[in-house]
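Here the structure comes first, spelled out in structure tokens, and everything after it is commentary.
Note that the structure is predicted; figures quoted are calculated from it, not measured.
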Amino acid sequence: MIDLKQLRENPEHVQARLKTRGEFDLTPILELDRQQRELEVERSQLQARSNEIGKRVGQKMKSGAKPDDPEIQSLRDEGNDVKAKLSELEPQEKDLKAQLEAILLTIPNVPSDTTPLGKNEDENVEVKRWGDEYLPKNSDILPHWEIGETLGILNFERSARIAQSRFVTLIGAGAALERALIQLMLDKQIAAGYTEISPPYLVNTASLTASGQLPKFADESFKCDRDDLWLTPTAEVPVTSFHRDEVLSSDELPKHYCAYTPCFRREAGSYGRDTRGLIRLHQFNKVELYKFVHPDTSEAEHQTLLRDAEAILQALKLPYRVIELCTGDLGFSSTKTYDLEVWLPSSGKYREISSCSNCKDFQARRGNIRFKEAGKKGTQFVHTLNGSGLAIGRTMSAILENYQQPDGTVQIPDVLQPYLGRDVL
RNA sequence: GGAGAGGUGGCAGAGUGGUCGAAUGCGCUCGACUUGAAAUCGAGUGUACCGAAAGGUACCGAGGGUUCGAAUCCCUCCCUCUCCGCCA
């Protein structure tokens, strides 16, 4: 949620920054805010009078006055008048607040001043490339789903029978490979200082709202209608809400978490795209990195988060590049995002395998996640950051393709061999 | 799923209609005493919103209601605990 106070004080600036990612009209917000505060003043004055009346009646009664004492009678009458007025104002104010909140929840985060300007993904900026020396030499590389089906480790047809299209079943060494990758990634991130958590995979509406998936992107998540529960689209959701409505102490910060979870996405509106393989499934696994940090450190923490995600690709010797998203391509909650894109030789393209974002106080505000500095008055919102470290399915497809041998077998990256107990598929 | 008990400040725990944002204890902060510490004594110690400030308002699980006045009474919901049932 954007900072209403900041918007009030500096509407032009906020408006201008938001404009770099699309059209958002903030004037209704300012107008509702003005009306709401006006009502609030009036209401709280009435409330004050009502409290005073209540107090006076109490004093009178205590000093022995009868309930039918004329002064008590007249105070009661006034109390009733005040109550009548309040019962008009209160719902009005509530309604304004609800309207304001509803609009605010649909406004995306304000891009960082350092985020490159641009309309869409074509204007993203390549920051670096890594691992050119590991680019596969052979030219006749099959797509990973063909490799996987030939090896008998992936099955899409039966998965459609079990569930639908865009699901996969892993068999034998395929299942083991996935498990090995999860273990490798968790081990590495834990060694890098992240605390592993394994959260619920069903999350409530408040949790999805806190991290920014709701209210705007309801179509993207699977919902269990009877229970106000949703299948989590990313571990970012449960981990954000792990500390929802908490006041942390500043010396607990930063908090670094990693979480392995399945992720469920409806992929509405992408029917034609990536219909084959492991790239775009309704269910996939991911190891997520997540940080709750002091605002002063969030930019530095963003860089180390990126490095921690990159370390996995480097360990697996998978060629990749780092892209910085431009303002027009930024995710809803993010102020600044780096995508890691891994080389997929069958399509001759780099494909997103991780997205590392600094959400600053946007999610903290929605989730009411604050911290208190000893000796300082009041509380501040933490900054939150998240990034994949990494998406498992996409990592598997990258391994199958980049490590494919001319004879159709697949070499296992050195670092993964001890986890898998074999060096070739 | 059935029956019962309960949700109060950082924690423990009082408060069953009146000046209660809330006793008391612990904790924490500052000060005194002490060579230092412990113990003891004194003062302080929630958050949010509105306001330039003075100050005001709200918050005792959440939402509604009764009342001049609700932590306290009524209704609905959520959560926790105990017993029974079911189950990995």
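Close to A48(B), at under 4.0 Å from its OP1 or OP2, lies a side-chain N or O of Arg370(A). Put simply, Lys55(A) has no side-chain N or O that comes within less than 4.0 Å of OP1 or OP2 on C20(B).
With 3.5 Å as the limit, one finds a donor-acceptor pair spanning the side chains of Tyr338(A) and Gln303(A).
Considering only side-chain atoms of Lys94(A), the nucleotide from U47(B), C50(B), G64(B) that sits closest is G64(B).
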Chi angles and distances behind the salt bridge (charged side-chain N to carboxylate O under 4.0 Å, His left out) call for Asp274(A), Arg166(A)
CA-CA 9 Å; Asp274(A) 307 310; Arg166(A) 287 203 194 285; over 6 Å; no
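Contacts of Arg34(A) with the nucleic acid, taken as non-hydrogen atoms under 4.0 Å apart, are absent.
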Polar atom pairs between nucleotides 56-59 of chain B and protein, under 3.5 Å, N or O only, would you list them?
residue	atom	partner	partner atom	Å
U57(B)	OP1	Asn51(A)	ND2	3.2
U57(B)	O2'	Arg43(A)	NH2	2.8
A58(B)	OP2	Asn51(A)	ND2	3.4

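The CE atom of Met61(A) sits 12 Å away from the P atom of U19(B) (whole-angstrom rounding). Computed from coordinates, the Asp227(A) CG to C77(B) C1' distance equals 15 Å when rounded to whole Å.
Remark: Arg307(A) does not engage Glu310(A) in a salt bridge, criterion side-chain N to carboxylate O under 4.0 Å.
The same atom, P, is picked in U72(B) and in G65(B); the two are 14 Å apart, to the nearest Å. Taking atom C1' in both A39(B) and C60(B), the straight-line distance is 35 Å, to the nearest Å.
Pair assignment for C79(B): G6(B), on the basis of Watson-Crick or G-U wobble contacts that are both within less than 3.5 Å.
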